[in-house]
Amino acid sequence: ASVRNVRPPRHGLFSPAYWTEVHVGTRGVYRPLREFAFAAIYALFGPDSASFHAVSLLLHTGVTVAIYVLGLGLFRRRSAAAVGALLFAAHPVHVEAVQWAKNLAEISCGFAMAAGLLLYLKAVRMPVNRKGRSRAAIGMALVLYGAGLLTKETTLALPLIMTLSA
């Protein structure tokens, strides 16, 4: 399927008929925010593949920054956090997800999970006298969790990761 063929389904992105209308022959995968992202990139920049790659690279950079900040909280040393973030950024396992425009869901999911975990940990470590900010951070983490779920099902693991890291 070409990005030029992206069209909204008659019943909308959140309809049970979504995959039978847009992706004939595909069953069991529901990723409406990925489709929306493809359509938005195409609407903003046209069919130029460089724009799709640029968005992937920006998201990967965002995940790398979140990994660095998480590393700071974990190791309490900038050098250790930088090494961890650099290993994450340059690891060969990420080449396919960053290079291939069709894998935008993997990077978006990673961003939602890393940023959501970062906000959650920030919220649970806030002093009691800052309940308003804590609630806002948890609310944003929940929004990222929801966005991640609508991007890729791997995000289901985030509550477990949050529980284990708190």
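Here the structure is a predicted model, which is why all the values come from computation and not from measurement.
Taking every heavy atom of both residues into account, L104 and V55 meet most closely at CD1-CG1, 4.1 Å. The two residues G71 and A81 make their nearest non-hydrogen contact at C-CB, 3.6 Å. What you find for A97 and I107 is that their closest heavy atoms are O-CD1, 2.9 Å. Here the closest heavy-atom approach between residue M113 and residue I161 is recorded as CE-CD1, 3.6 Å. Between R31 and K152, the shortest heavy-atom contact is NH2-CE, 3.5 Å. Here the closest heavy-atom approach between residue V63 and residue A114 is recorded as CG1-CB, 4.4 Å.
Put simply, OG on S108 and CG on L150 are 11.5 Å apart, with the number rounded to the nearest 0.5 Å. Put simply, CD1 on I41 and CG on D48 are 11.5 Å apart, with the number rounded to the nearest 0.5 Å. The CE atom of M162 lies 8.5 Å from the CD1 atom of I138; values are rounded to the nearest 0.5 Å. Between atom OG1 of residue T151 and atom CZ of residue F111 there is a gap of 11.0 Å, rounded to the nearest 0.5 Å. Summarising the geometry, atom CG belonging to L70 is positioned 10.5 Å from atom CZ belonging to F88; distances are rounded to the nearest 0.5 Å. K122 contributes atom NZ, which lies 8.0 Å from atom CG of L118 (distance to the nearest 0.5 angstrom).
By the 4.5 Å heavy-atom criterion applied to side chains, W100 and S56 are not counted as neighbours.
Residue L117 is grouped with residue L149 when hydrophobic side chains (ILVMFWY) are merged at heavy-atom distances under 4.5 angstrom, including chains of intermediate members. Hydrophobic cluster membership differs between L72 and L119, with clusters built from Ile, Leu, Val, Met, Phe, Trp and Tyr side chains linked at under 4.5 angstrom. When the side chains of ILVMFWY residues are joined at heavy-atom separations under 4.5 Å, either directly or via intervening members, L142 and L144 end up in two distinct hydrophobic clusters. A continuous path of ILVMFWY side-chain contacts below 4.5 Å connects V124 to Y145, so both sit in one hydrophobic cluster. Linking Ile, Leu, Val, Met, Phe, Trp and Tyr whenever their side-chain heavy atoms come within less than 4.5 Å leaves I67 and L164 in two separate clusters.
Counting only distance, with no hydrogens or angles, the side chain of H60 and the backbone of A89 share a donor-acceptor pair below 3.5 Å. A donor-acceptor distance shorter than 3.5 angstrom exists from the side chain of H53 to the backbone of Q99, with no hydrogens or angles considered. For S134 (side chain) and A123 (main-chain N/O), a donor-acceptor pair under 3.5 Å exists by modelled atom type. Remark: the backbone N or O of E96 is paired with a side-chain donor or acceptor of N103 at under 3.5 angstrom.
Between F52 and F38, the ring planes are tilted. Angles from 30° to 60° get that label.
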* side chain to side chain contact (heavy atoms under 4.5 Å, CB included) between L121 and S165, intermediate numbers included -> CA-CA 8 Å; L121 291 175; S165 61; 3.7 Å; yes
